[in-house]
Amino acid sequence: MTAAPELLQRLQDVLPAEAILTDPDVTASYAHDMASFCEAGAPAVVVLPRTVEEVQHVMRTATALRVPVVPQGARTGLSGAANASDGCIVLSLVKMDRILEINPVDRIAVVEPGVINAVLSRAVGERGLYYPPDPSSWEMCTIGGNIGTASGGLCCVKYGVTAEYVLGLDVVLADGRLLSTGRRTAKGVAGYDLTRLFVGSEGSLGIVVRAVLALKPQPPQQLVLAAEFASTAAACDAVCKIMEAGHVPSLLELMDRTTVRAVNDMARMGLPETTEALLLAAFDTPDPSADLAAVGELCAAAGATEVVPAEDHAESELLLQARRLSLTALEAIKGSSMIDDVCVPRSQLGALLEGTARIAEKYDLTIGVCAHAGDGNTHPTVCFDAQDPDESRRARESFDEIMALGLELGGTITGEHGVGVLKKEWLAREIGPVGVELQRGIKQTFDPLGILNPGKLF
């Protein structure tokens, strides 16, 4: 879609030429994130600002001309939250990628939204500090995108999700005003918590241009244990026993048989293909071997057929790499996948996995499950051939049934991927009509013209 001359002229008045992309072949590459079954429009223009002032100018221009704006990071999202709408300005924040401050005394980092998660993690690690949120896409995803979708990761069972590390934000509002929320202090309860409101808002309330993030002291290197089970029910029982006993693992992940085989097929990792479920537990305590031994006993009591603790950090990292490859490996089975993100109470984890297996059989589909088992956040991944209309239909219907099952079990439709386009109908089911009404009211307050990421969430 061609940008209107007035829109281009106003953008060019302030932004450098290299920050404005109009070639349709180029702008088309910014049209969508990594989600399946999510509509995407054709952007009129893609803008890549480097300063807060440039973002403000974009938003003032958009407000004046009533042009929708879709903020983007690295587009690794899995819900369509970064998908363009027809005639929009795609506001890509990847060029705003500076780490502005790392403060070991206050234990904070101040960053721009385009900073890559792994880059920040390594930078603070050099100062003896630790930024825990670690999505599987941490080598590519940006902090701004993590904030927009309230992303999680493998370490959430001990350290929590992105929202728990965002202390303050600078946000450019729809009309171009700059709002600062939150604090740099360890404590602070002044006024409504607007910072937390922006986390997970998917760019629908404002454009995050700077973030103050909480850091922790760097823990010891973790050691990992792998436990094989003859059923997913036994593996889920082990998870419950571990948590009930009061253990605090730094990671507690589950891979079902389908996932294990997919990883082996793709990367020749040598994982045990005879297992029905592989549980990975890790500790980053001063004596991780003792913690792993205690957890190993609980796994054996729950029916583990084999329990193998890693001998060193290198072996631990190999097991974690296998887990991080899970979603990519499952997609390779059929070439396309729909990655669900249902989170249930830990006590219902087994019921969700058993229900997912029934759904896979009902629709004659391959559905692999990997999970952040320690916090009940599962990723049932529907594998399908996107060129087969009937299989695509069955994939979408099975995806919806898994979400319905999650709600029936007292869970939520998304633990860390967000709502975007993919799950907005399900958001309404989860929060109900009163919740939808109030959330739309909040959106109206921040974005009265409805130009910020339209069509997402509601």
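None of the values given here were measured: they were computed from a predicted structure.
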Could you list the donor-acceptor pairs under 3.5 angstrom formed between side-chain atoms of residues 446-454 and any protein atom two or more places apart in sequence or on another chain?
residue, atom, partner, partner atom, Å
Asp447, OD1, Gly450, N, 3.3
Asp447, OD1, Ile451, N, 3.1
Asp447, OD2, Lys443, NZ, 2.7
Asp447, OD2, Ile451, N, 3.1
Asp447, OD2, Leu452, N, 2.8
Asn453, OD1, Lys456, NZ, 2.6
Asn453, ND2, Ala81, O, 2.9
Asn453, ND2, Glu202, O, 2.7

Show the numbers, then the answer: is there a salt bridge (Lys or Arg N to Asp or Glu O under 4.0 Å) between Lys158 and Asp284?
-> CA-CA 10 Å; Lys158 179 174 182 177; Asp284 57 5; 2.6 Å; yes

Thr149 meets the side-chain hydrogen bond (donor to acceptor under 3.5 Å, both in side chains) criterion, sequence neighbours left out, with none

Residue set satisfying side-chain hydrogen bond (donor to acceptor under 3.5 Å, both in side chains) with Asp106, at least two apart, ordered chain then number -> Asn103

Does some side-chain heavy atom of Leu11 sit less than 4.5 Å from a side-chain heavy atom of Leu7?
-> yes

With a 4.5 Å limit on heavy-atom distance, are the side chains of Ile143 and Tyr131 in contact?
-> yes

Could you walk me through whether Glu139 and Arg122 pass salt bridge (Lys or Arg N to Asp or Glu O under 4.0 Å), step by step?
-> CA-CA 11 Å; Glu139 292 281 7; Arg122 294 181 182 117; 2.5 Å; yes

Restricting to pairs with a member in residues 62-83, which pass side chain to side chain donor-acceptor pair (under 3.5 Å), not counting sequence neighbours?
-> none

Qualifying residues under side-chain contact (heavy atoms from CB on, under 4.5 Å), relative to Cys155, sequence neighbours excluded = Tyr130, Pro132, Asp134, Tyr159

Can you name the side-chain contact (heavy atoms from CB on, under 4.5 Å) partners of Pro220, sequence neighbours left out?
-> none

Take atom CD of Gln12 as the centre, draw a 6.0 Å sphere, and report whether it contains more than 12 heavy atoms from other residues, nucleotides or ligands.
-> yes

For Leu254 and Ala373 the tightest heavy-atom approach is CB-CB, 4.0 Å

